[in-house]
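Each chain gets a letter, A, B and so on, in the order its sequence line appears, and its residues count up from 1. Predicted, not measured: the structure shown is a model, and the values here were computed from it.
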There are 2 protein chains.
Amino acid sequence: MTDIPDLLGLEDQVCFALAIASRSVISLYRPILEPYGLTHPQYLVMLALWGREPRRVKDLAEELRLEPATLSPLLKRLEASGLVARHRNEQDERALDVSLTDTGRRLRDEARTIPPRIIDKLGMSLDELERLRHSLWRVIEASHTA
Amino acid sequence: MTDIPDLLGLEDQVCFALAIASRSVISLYRPILEPYGLTHPQYLVMLALWGREPRRVKDLAEELRLEPATLSPLLKRLEASGLVARHRNEQDERALDVSLTDTGRRLRDEARTIPPRIIDKLGMSLDELERLRHSLWRVIEASHTA
DNA sequence: CGGTATTAGTTTGTACACTAATTATTATGA
DNA sequence: TCATAATAATTAGTGTACAAACTAATACCG
């Protein structure tokens with residue numbers, strides 16, 4: 001295996017760049033989301049529910065690419081914040097219907113300012129961000145066929 | 001604010017794509033790192049130390065873009081695994097010198113197979129991955145001037 | 001020189017991400 | 001019909017990432 005190029009520099013690793021980029025961008029959201037009492041993962045859950053509700057836990061977990069084990073306490077905290085309600089489904093008592101409260105629905109209007117503020121903070125063109133986003137979904141898909 | 005474009009679709013968010021891409025790629029490492037008894041963050045620490053040792057905690061934290069609060073228990077566990085040693089610096093007793101053990105140094109040889117295996121799993125060209133990596137560092141830098 | 005500010009690393013607390021196990025409900029097939 | 005397999009969501013356990021607080025050592029400046 002002497003012909004394996006030495007690719008062990010930390011900054012050579014795409015996984016390292018992905019991890020740092022993810023964390024760095026998410027850290028920009030923190031001060032913006034804090035006044036709404038939301039963490040970034042909670043914000044993503046809200047985005048999913050603003051898009052469509054009511055939803056099953058399993059359905060949300062799939063859309064958010066999370067394990068239900070992660071989502072369960074996350075939803076619990078959102079419910080405790082009064083943004084989300086969870087009710088046992090009547091047709092299938094194993095399932096929960098997760099929906100927004102009125103408060104949760106109204107929050108969408110305020111949340112509309114968030115993406116432009118982040119884009120502003122980054123100072124990158126929409127083109128560039130769009131290209132990045134596409135290549136990210138490219139690698140996500142590649143990782144699922146691996 | 002009626003002229004703010006509605007950018008609240010979950011999949012429109014670069015941050016979501018970043019989070020999922022990061023997690024997805026990192027999940028590919030898990031079965032590969034498991035036989036070495038390493039988690040992905042621990043692997044990154046090892047990469048940093050293989051690059052240069054001994055190191056201060058603060059120095060490692062900066063290179064890994066981690067908080068010392070995160071790195072401290074992480075190093076503790078690596079020390080417990082026998083891969084890393086931590087000694088109080090003699091010139092400045094506040095500081096630790098973090099170095100590899102012989103076992104830790106030897107692990108580098110086995111680790112050389114890891115990046116090619118991941119690249120193989122992803123089935124993406126080196127060109128494409130390199131372009132991605134560059135744009136990721138681009139956004140990392142942008143987030144730090146924000 | 002010595003009191004105070006700063007620094008290095010750790011601990012505590014909270015949230016999250018994954019794996020494994022658990023409980024209750026529903027689907028399946030003999 | 002009924003025992004068993006599968007499913008939905010939760011809980012428990014481990015590791016990690018960040019923020020705040022803490023302890024001990026060093027730097028600084030009057």
For nucleotides 7-9 of chain C, which of its nitrogen or oxygen atoms have a protein nitrogen or oxygen under 3.5 Å away, and what is each distance?
residue	atom	partner	partner atom	Å
C/dT7	O4'	B/R94	NH1	3.4
C/dT7	O2	B/R94	NH1	3.2
C/dA8	OP2	B/K58	NZ	3.1
C/dA8	O3'	B/R94	O	3.4
C/dG9	OP1	B/V57	N	3.3
C/dG9	OP1	B/L96	N	2.9
C/dG9	OP2	B/K58	N	2.8

Rounded to whole Å, please give me the gap between [atom1] in [X] and [atom2] in [N].
{"X": "B/N89", "N": "C/dT10", "atom1": "CG", "atom2": "P", "answer": "13 Å"}
{"X": "A/K76", "N": "D/dA8", "atom1": "NZ", "atom2": "P", "answer": "20 Å"}
{"X": "A/L75", "N": "C/dA15", "atom1": "CG", "atom2": "P", "answer": "14 Å"}
{"X": "A/L71", "N": "C/dC18", "atom1": "CG", "atom2": "C1'", "answer": "13 Å"}
{"X": "B/E34", "N": "C/dC18", "atom1": "CD", "atom2": "P", "answer": "16 Å"}
{"X": "A/L64", "N": "C/dC18", "atom1": "CG", "atom2": "C1'", "answer": "16 Å"}
{"X": "A/E93", "N": "C/dT23", "atom1": "CD", "atom2": "C1'", "answer": "14 Å"}
{"X": "B/E90", "N": "D/dA25", "atom1": "CD", "atom2": "P", "answer": "15 Å"}

Worksheet item: Looking at OH of B/Y36 and CE of B/M46, how far apart are the two atoms once the value is rounded to the nearest 0.5 Å?
Response: 12.0 Å
Item to complete: Apply salt bridge (Lys or Arg N to Asp or Glu O under 4.0 Å) to the pair B/E11 and A/R65, showing each step before the final yes or no.
Response: CA-CA 12 Å; B/E11 304 217 332; A/R65 276 59 161 195; 3.4 Å; yes
Worksheet item: Run the salt bridge (Lys or Arg N to Asp or Glu O under 4.0 Å) check on A/E79 and A/K76 step by step: do they pass?
Response: CA-CA 5 Å; A/E79 190 176 37; A/K76 199 168 186 177; over 6 Å; no
Discussion item. Apply salt bridge (Lys or Arg N to Asp or Glu O under 4.0 Å) to residues A/D120 and A/R117 and explain how you reach the verdict.
Written reply: CA-CA 5 Å; A/D120 217 44; A/R117 284 157 75 190; over 6 Å; no
Worksheet item: If you count the non-hydrogen atoms of other residues, nucleotides and ligands that lie under 6.0 Å from CD in B/E110, is the total more than 12?
Response: yes
Item to complete: Might you confirm whether atom NE2 of A/H87 has over 12 heavy atoms from other residues, nucleotides or ligands at distances under 6.0 Å?
Response: no
Pairs under 3.5 angstrom, nitrogen or oxygen only, protein versus nucleotides 15-18 of chain D, please.
residue	atom	partner	partner atom	Å
D/dT16	OP1	B/T39	OG1	2.5
D/dT16	OP2	B/R77	NE	3.0
D/dT16	OP2	B/R77	NH2	2.7

Worksheet item: So B/R55 and B/D97, salt bridge (Lys or Arg N to Asp or Glu O under 4.0 Å) or not? Walk me through it.
Response: CA-CA 5 Å; B/R55 304 284 284 281; B/D97 286 327; over 6 Å; no
Worksheet entry | Salt bridge B/E130-B/R133, side-chain N to carboxylate O under 4.0 Å | yes
Discussion item. Taking the side chain as everything from C-beta on, heavy atoms only, tell me whether A/C15 gets closer than 4.5 Å to B/H40.
Written reply: yes
